[in-house]
There are 2 protein chains.
Amino acid sequence: MSETVITYDLRMGRWEPDARGRLEQAAMDLYLEHGFEQTTVAEIAARAGLTERTFFRHFADKREVLFAGAAELQQLLVSTLSATATSASPLDAVATALAAVAPFFQERSDFGRRRQRIISSTAELRERELIKLASLGSAMAATLRERGVADPAASLAAEAGVAVFKIAFERWQDAPVGTDFAQVIQHCLSELKVVAAGA
Amino acid sequence: MSETVITYDLRMGRWEPDARGRLEQAAMDLYLEHGFEQTTVAEIAARAGLTERTFFRHFADKREVLFAGAAELQQLLVSTLSATATSASPLDAVATALAAVAPFFQERSDFGRRRQRIISSTAELRERELIKLASLGSAMAATLRERGVADPAASLAAEAGVAVFKIAFERWQDAPVGTDFAQVIQHCLSELKVVAAGA
DNA sequence: ACGATTGATGTCAGTCGCTGTCATCGAGGC
DNA sequence: GCCTCGATGACAGCGACTGACATCAATCGT
């Protein structure tokens, strides 16, 4: 779920609350300090005051702890895409949905930067990031199909949208702090349209 | 390198020749028979008449044995893209290069089908496939940049090309045997152009 | 021919990711 | 205040992967 805003009312663990959040925090810190590969799950659990076994009860594997927000993001993206006017072209609808979730990243830009530094430095994590993006693409394609867009147009619009997102995200990360992410996305979208128009 | 055409003149292993090829063959067979996760590296090595340690001298990990041809494909793709006339638009150049490597798959369609069945059934392998495709995209983007295409157009054309390839490959696999892969690629490309044009 | 060299393989020990199983503890319902 | 239930701890074990060293076969130089 989230790593800062937590419902502290419901005590979770046997001892301290928010075991999951503590694990996420400990993992991020250790991955940044010593690198992903040099960090063992036992170390993460120890820093969080838990055991290795408990880590794997909260996260499927060592990488997944960095992708806790992916499901949330996908749901947000799909519901936004569902709500977009059917009059828009599929690609525009996708781009609109992507721009709509831009604040999701902009509000966590410092967290996102550290996270991305970890992911970019390890092939194993890049693989996981790519399959999450592919999952976003599949979900968006399915949503487009529900709205009557035929294949392969639906899949192509979704995949092209993911491509736009990937490149826009890279450029936004390298851009000055405060740059509007949604604007970068729209710019990359129009660039794609130019490229696809042929010359 | 290759799995069928081998220079049998140079004896490789301590005993039988072509240890690498035998490992690839044994891995494919076992992955198909029992599934990827249910197969241990020790079993693969045993069937190939080798030891587990030798497997890891030939392949970085248990998945990589299924992606031996990726480097070769990437090189072929890049050199084809380099040779494409600079007059073509970036996306058309990418699509042309992709269509040019279509025979690479068509000649190995039965092998490719079995391989794809294995990959599709395991998330771990889909991750590896995605990072190989991403590597293809990066290589093509770099080639476009060398040819004077500016960013983000170069990256977008390359990534869009990869998207076209992915979807075209899926559709070609599901199409009747003998369908022309290059033609499917071109069809998906024109579909993408329609989608991007707005309509 | 024959010894030295080289490269691929075998052997072994070890770490770490990850899982199944059962015991244990803490909190809420009765 | 007991009881049930969910989360955690403790433990054993498998399999992926690595480092270090020994070994063997083919080749090269003489």
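These numbers come from the heavy atoms of this one structure, side chains and all, not from hydrogens, waters or symmetry mates. Proteins come first, then strands; the chains are lettered A, B, ... in the order of their sequence lines, and each starts at number 1. On a predicted model such as this, the values are computed, not experimentally measured, just so you know.
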Q.
Tell me whether the rings of B/Phe165 and B/Phe169 are parallel (<30°), tilted (30 to 60°) or perpendicular (>60°).
A. parallel

Q.
Check this for me: does the side-chain of A/Arg57 come within 3.5 Å of the base of D/dG9 through a donor and an acceptor?
A. yes

Q) Roughly how many Å is it from CZ in A/Arg128 to P in C/dG17, rounded to a whole number? A) 14 Å

Q) How close or far is atom C1' of C/dA8 from atom CG of B/Asp18, stated in whole angstroms? A) 14 Å

**Q.** Interatomic distance where CZ belongs to B/Phe56 and C1' belongs to C/dT9 [whole Å]
**A.** 15 Å

Q. What are the residues of residues 31-55 of chain A, sorted by number, that bring a heavy atom to within less than 4.0 Å of DNA chain C?
A. A/Thr39, A/Thr40, A/Val41, A/Glu52, A/Arg53

Q: In whole angstrom, give the distance that lies between atom CZ of A/Arg63 and atom P of D/dA16.
A: 14 Å

Q.
Would you say B/His58 places a side-chain N or O within less than 4.0 Å of OP1 or OP2 belonging to C/dT9?
A. yes

Q: Please say which of A/Asp29, A/Leu32, A/Leu30 ends up in a side chain to side chain contact (heavy atoms under 4.5 Å, CB included) with A/Thr39.
A: A/Leu30

Q. Taking atom C1' of C/dC18 as reference, at what distance in whole Å does atom CD of A/Glu124 sit?
A. 13 Å

Q) Between the side chains of A/Thr54 and A/Thr51, does any donor sit under 3.5 Å from an acceptor? A) yes

Q. With hydrophobic residues grouped by side-chain heavy-atom distances under 4.5 Å, do B/Leu133 and B/Phe181 end up in a single group?
A. yes

Q) If Ile, Leu, Val, Met, Phe, Trp and Tyr residues are connected whenever their side-chain heavy atoms lie under 4.5 Å apart, and connections chain through other members, are B/Leu130 and B/Leu136 in the same group? A) no

Q.
If hydrophobic clusters are built by linking Ile, Leu, Val, Met, Phe, Trp and Tyr wherever their side-chain heavy atoms come under 4.5 Å apart, do A/Phe56 and A/Leu66 end up in the same one?
A. yes

